[in-house]
Student: 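First the structure, then my questions, so here it is.
Every chain is numbered from 1, with letters handed out A, B, ... down the list of sequences. Treat the numbers as computed from the prediction; the structure is a model and nothing was measured. When reading the values below, keep in mind they use all heavy atoms of this one structure, side chains included, and skip hydrogens, waters and symmetry mates.
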Amino acid sequence: MSASNPQTAAPGAPAEARPSNFIRDIILDDLKTNKHAGRVQTRFPPEPNGYLHIGHAKAICLDFGLADEFGGHTNLRFDDTNPSKEETEYVDSIMEDVKWLGFHWDGLFYASDYFEQLYEWAVQLIKAGKAYVCDLSADEIREYRGTLTKPGKDSPYRNRAVEENLGLFERMKAGEFPDGSRTLRAKIDMASPNLNMRDPVMYRILHASHHRTGDKWCIYPMYDYAHGQSDSIERVTHSMCTLEFEDHRPLYNWFIQQLGIFPSQQIEFDRLNLTHTLLSKRKLLQLVQEGHVSGWDDPRMPTLCGIRRRGYTPEAIRNFCGAIGVSKTNGSIELAMLEHFVREDLNKRAPRAMAVLRPLKVVIDNYPEGQVEELEAVNNPEDPAAGMRKVPFSRVLYIEQDDFREDPPKQYHRLSPGREVRLRAGYFITCTGVVKDERTGEVVEVRCTYDPATRSGNAPDGRKVKATIHWVSAAHAVDAEVGIYDNLFTKEDPSQTDEGKDFTSNLNPNSLEVLSHCKLEPSLASAAVGGRYQFERLGYFCVDLDSVPGKLVFNRTVALKDTWAKIEKGQRGKG
RNA sequence: UGGGCCGUCGACUAAUGGUAGGUCAAGUGCCUUUGGAGCACUUUGUCUAGGUUCGAAUCCUAGCGGCCCAGCCA
């Protein structure tokens, strides 16, 4: 059960008020017909072979959210049937991520908890003549399986006597045979149009150490033989999984039926796809291993730990998952949708601060040298309870390079020679001149005068300015490093590649920009790791894991919507 | 090409035989001590062709298009 809910599942909301989806409809219907005596049991079943990503968040919100809505329960179950790929590092991270997202499981289980039961059931199936030990090699099994259009043919071992099968299977378990030499197969139908029903492998021999059972087993169940029965053991009523398992459902049901155990129901929904993003554990692993990113928690990664480090909130992710809905259509959500939900959440809660990313020096000629004033600034205009803070003001300031143009284009409202703007929470200043680098001609300093009557940002004579810009007092500024992130991939669909190239050819070479001498207002000096702020007019930023007092590091979570950038882009477009 | 699934604004998703609606994006305006936020308004859609029906996004038929399946991975 979850303590907190996606916005789509506000506790106590009337069922009719919640957005519908076809899975919810199925549950509603089952409740109406009293199929499981009003019980709703779900599970989230990750394989501990990688870190969770935003796609898993969708499944988690569904599994936990739906159970929660109907007073049901949700188990966290690790699908750990393949010891060669699974590690405790991953189970730890998965538990951490699920908790961070705001969900709490009822039961914590592992498919490996059921190895003994699964083995007994396999023996039962052998005795019933429904399973047999097959000596075919992997290659031979593939040949015998047939193709999409051609039926397969029976294994020569298909009709072994029950006693022989029993003996062989026991010896497989006892470790008498090498890896790959034999398998236990279900006896179903080699001519089935569904390849999953062509005598699927139930057990393979794998002399590998398992992260939980150690060396106890050297035969391991396949996913298809383990998953449905695990659901059944936990009396899962609604077992949600992604679309590619649709073809497996007949097998899922076959095992349950042959065994005569609790009939869990598998329901498939569409996997999340996000533009400019890859959501495949295999490819994410490759990015990490080949060093294209700094690790699983690189802020550019779509992993939950990456997104968390980037500064996303669990609420934002849950709201996003609620908003995208659930269906069976194969589509791709625009990244802008995800970004919308962080902005929406952070706008309400992130305290504001001033930070200058690309500093340009401003000297206010008529401001007394050595004087410092403490100006009052609003912490969050969306939240009066957030209060006020003091920001030091003095004669030499930094402003954003972007906020000054010597030769301003049309519609540019910010500072330029002769023009007056407001300093956020401060005075009106007018640009009186510039100082340039003699060699490069670059403006290295802007000279201004201020109007002492405009303290706090209003002119007594009622005159208006068109722009308000942010600033930091040079003498009081705190230095910081800031990571600016862009899409990890340039293509909308990064898996779409040119001949002979793989997805890494679509990596965005500019996905990370590190700005190292950013100037922050002094109140930020004590910002704690994980702290989220809005740097006014720029975006939302979060204190990075590697940040220490004296050497601050921030990540840009997402930029604020930038109307001027849009206008400017339009101007360039026109020529 | 055998089987399975799916086609609704640019994207995602509702409408369960009876007004094609919502969110994101885009655009316009208002407002603004963040060109932020907010508010208002606007544009754009039922894959195609037949059929059933008083009435079809919804049901039927046939096309067309997309995704998945030939691991001893999950």
Student: Would you find a donor on one side and an acceptor on the other, under 3.5 Å apart, between the side chain of A:Ser192 and the backbone of A:Asn194?
Tutor: yes
Student: Would you confirm whether A:Arg204, through its side chain, and A:Pro221, through its main-chain N or O, come within 3.5 Å as a donor-acceptor pair?
Tutor: yes
Student: Taking A:Thr275's backbone N and O only, do any of them form a donor-acceptor pair with A:Thr277's side chain (distance below 3.5 Å, no angle check)?
Tutor: yes
Student: Salt bridge or not between A:Arg358 and A:Asp403? Use side-chain N to carboxylate O under 4.0 Å.
Tutor: no
Student: Quote, to the nearest angstrom, the C1' distance that separates B:rC68 from B:rU53.
Tutor: 36 Å
Student: Would you say the rings of A:Tyr427 and A:Phe393 are close, in the sense that their centroids are separated by under 6.0 Å?
Tutor: yes
Student: Do the side-chain N and O atoms of A:Tyr51 and A:Glu89 include a donor-acceptor pair separated by under 3.5 angstrom?
Tutor: yes
Student: Looking at residues 183-194 of chain A, who's got a heavy atom less than 4.0 Å off RNA chain B?
Tutor: A:Thr183, A:Pro193
Student: Given the ring of A:Tyr119, does A:Lys173 sit roughly above its face, with NZ or CZ under 6.0 Å from the centre of the six-membered ring and within 45° of the axis?
Tutor: yes
Student: Quick check, are the ring centers of A:Phe535 and A:Phe554 under 6.0 angstrom apart?
Tutor: yes
Student: Please check this pair: side chain of A:Asp231 against backbone of A:Ser239, looking for a donor-acceptor N/O pair closer than 3.5 Å.
Tutor: no
Student: Are the side chain of A:Asn273 and the backbone N or O of A:Gly331 linked by a donor-acceptor pair below 3.5 Å?
Tutor: yes
Student: Verify whether one side chain among A:His470 and A:Arg424 offers a donor that lies under 3.5 Å from an acceptor in the other.
Tutor: no
Student: With a cut-off of 6.0 Å (strictly less than), are more than 12 heavy atoms of other residues, nucleotides or ligands near CZ of A:Arg271?
Tutor: no
Student: So, are A:Arg349 and A:Glu315 salt-bridged, with charged N and O less than 4.0 Å apart?
Tutor: yes
Student: Please list each protein N or O that sits under 3.5 Å from an N or O in nucleotides 9-14 of chain B, with the distance.
Tutor:
unit_1, atom_1, unit_2, atom_2, d
B:rG10, N2, A:Glu334, OE1, 3.1
B:rA11, O4', A:Glu334, OE2, 2.9
B:rA11, O3', A:Ser332, O, 3.3
B:rA11, O2', A:Ser332, O, 2.8
B:rC12, OP1, A:Ser332, N, 3.2
B:rC12, O2', A:Ile324, O, 2.7
B:rU13, OP1, A:Asp270, OD2, 3.4
B:rU13, OP1, A:Ser327, OG, 2.5
B:rU13, OP1, A:Thr329, OG1, 3.0
B:rU13, OP2, A:Thr329, OG1, 3.0
B:rA14, OP1, A:Val326, O, 3.4

Student: Is the base of B:rG35 stacked against the aromatic ring of A:His413, taking ring centres under 5.5 Å apart and planes under 30° as the test?
Tutor: yes
Student: Is the distance from the ring center of A:Tyr203 to that of A:Tyr220 below 6.0 Å?
Tutor: no
Student: Using a 3.5 Å limit for the pairing distances, which stems of at least 3 consecutive Watson-Crick or G-U wobble pairs does RNA chain B take part in?
Tutor: B:2-7 with B:64-69, B:10-13 with B:21-24, B:26-30 with B:38-42, B:47-51 with B:59-63
Student: Give me the distances for all protein-to-nucleotides 36-40 of chain B N/O pairs that come in under 3.5 Å?
Tutor:
unit_1, atom_1, unit_2, atom_2, d
B:rG36, OP1, A:Thr563, OG1, 2.5
B:rG36, N2, A:Glu382, OE2, 3.0
B:rA37, O2', A:Asn347, ND2, 2.9
B:rA37, O2', A:Glu382, OE1, 3.2
B:rA37, O2', A:Glu382, OE2, 3.0

Student: Any donor-acceptor pair under 3.5 Å linking the side-chain atoms of A:Glu268 with those of A:Gln266?
Tutor: yes
Student: Restricting to nitrogen or oxygen on both sides, can you table the protein-nucleotides 45-48 of chain B pairs closer than 3.5 Å?
Tutor:
none

Student: Is there a donor-acceptor contact under 3.5 Å from the side chain of A:Asn165 to the main chain of A:Val133?
Tutor: yes
Student: Measure centre to centre between the rings of A:His227 and A:Tyr223, then say whether the value is under 6.0 Å.
Tutor: yes
Student: Taking atom types as modelled, is there a side-chain donor on A:Tyr450 or A:Glu420 under 3.5 Å from an acceptor on the other?
Tutor: no
Student: Under 4.0 Å between any heavy atoms, over every strand shown, what does A:Ala425 touch: base, sugar-phosphate, or nothing? Just pick one.
Tutor: base
Student: Please measure how far the C1' atom in B:rG45 lies from the corresponding atom in B:rA20, and state the result in whole Å.
Tutor: 9 Å
Student: Identify the pairs formed between an N or O of the protein and an N or O of nucleotides 27-30 of chain B at a distance under 3.5 Å, and give each distance.
Tutor:
none

